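Accompanying notes for the structure given below.
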Amino acid sequence: QQQVKQSPQSLIVQKGGISIINCAYENTAFDYFPWYQQFPGKGPALLIAIRPDVSEKKEGRFTISFNKSAKQFSLHIMDSQPGDSATYFCAASPHAYSGAGSYQLTFGKGTKLSVIP
Amino acid sequence: DSGVTQTPKHLITATGQRVTLRCSPRSGDLSVYWYQQSLDQGLQFLIQYYNGEERAKGNILERFSAQQFPDLHSELNLSSLELGDSALYFCASSVDLILSGNTIYFGEGSWLTVV
């Protein structure tokens, strides 16, 4: 069964600190790795995404690091702010032509981030 | 606002009943996905439709069914409801059938409580 394992379940970070959330996968057919951010009462929204041909992608304070050989990827939030307090989900989907048959996102179980002032 | 509209936002119903959740995808999006979110299982993919046809099935129970209509809106039907079906049900949409690399946009969800 396709799985994405995410850790930690919850994370408390001081304002200005670095938040790090990790994910691991097993299916080598995965080739698209997005991170979603979900605020209470809202649906998940795409934050940043990466493909395996690069090891890092940065957008503002958010960085994805990708380790293809270890089948791991992580989200780093630099200079964390109280407004970043939300639940973060990593996800993965297979290559369009992998023969996987379905291309829906498989999500990790989420990390609840609390940034305290 | 993602552009994906879900109704109702909240629903309370009794065990054994049937409910229908409705979703209008973003304008121009042909693919619709249904996800179930619960505290212990996270976001679970249920089913995907593309331009009216079922394209992928995930962990969807036989008591559940869905369809996508010619105007591209979708409905998720949940029947013989059990307490364990209480969850947040999300609809999402994307432009294409092939998800890889395409942004998937989520609605704000329908809270279902079964009592």
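Naming convention: chains lettered A, B, ... in sequence-line order (proteins, then strands); numbering from 1 in each chain. Bear in mind the structure is a predicted one, so any value in this text is a computation, not a measurement. Just so it is clear, the values below take in all heavy atoms, side chains as well, and ignore hydrogens, waters and symmetry mates.
- Criterion: ILVMFWY side-chain heavy atoms under 4.5 Å apart, direct or through other members. Under it, B:Phe45 and B:Leu21 are not part of a common hydrophobic cluster.
- Enclosure of atom CD in A:Gln9 is not indicated, since only 12 or fewer non-hydrogen atoms of other residues, nucleotides or ligands lie within 6.0 angstrom.
- The nearest pair of heavy atoms linking A:Lys42 to B:Phe90 is O-CZ, 3.8 Å.
- Around atom CD1 of A:Ile12, no more than 12 heavy atoms belonging to other residues, nucleotides or ligands sit under 6.0 Å away.
- Only the side chain of B:Gln37 comes within contact range of chain A, with at least one heavy atom under 4.5 Å from a heavy atom of that chain.
- Atom OH in B:Tyr105 sits 7.5 Å away from atom CG in A:Leu46 (nearest 0.5 Å).
- Under the 4.5 Å side-chain heavy-atom criterion for ILVMFWY residues, no single connected hydrophobic cluster contains both B:Trp34 and B:Val4.
- Heavy atoms closer than 4.5 Å to chain B are found nowhere in A:Phe33, neither backbone nor side chain.
- Residues A:Phe66 and A:Val54 fall within the same hydrophobic cluster, defined by Ile, Leu, Val, Met, Phe, Trp and Tyr side chains chained together at heavy-atom separations under 4.5 Å.
- Here OH of A:Tyr36 is found 6.0 Å from OG1 of B:Thr103. Values are rounded to the nearest 0.5 Å.
- Atom CD1 of B:Ile12 has 12 or fewer heavy atoms from other residues, nucleotides or ligands within 6.0 Å.
- Interface remark: A:Pro34 contributes no atoms to any contact with chain B (heavy atom separation under 4.5 Å).
- At a 4.5 Å heavy-atom cutoff, the contact between A:Gln38 and chain B is made by side-chain atoms alone.
- Closest approach of A:Leu105 to B:Tyr35, counting heavy atoms only: O-OH, 3.1 Å.
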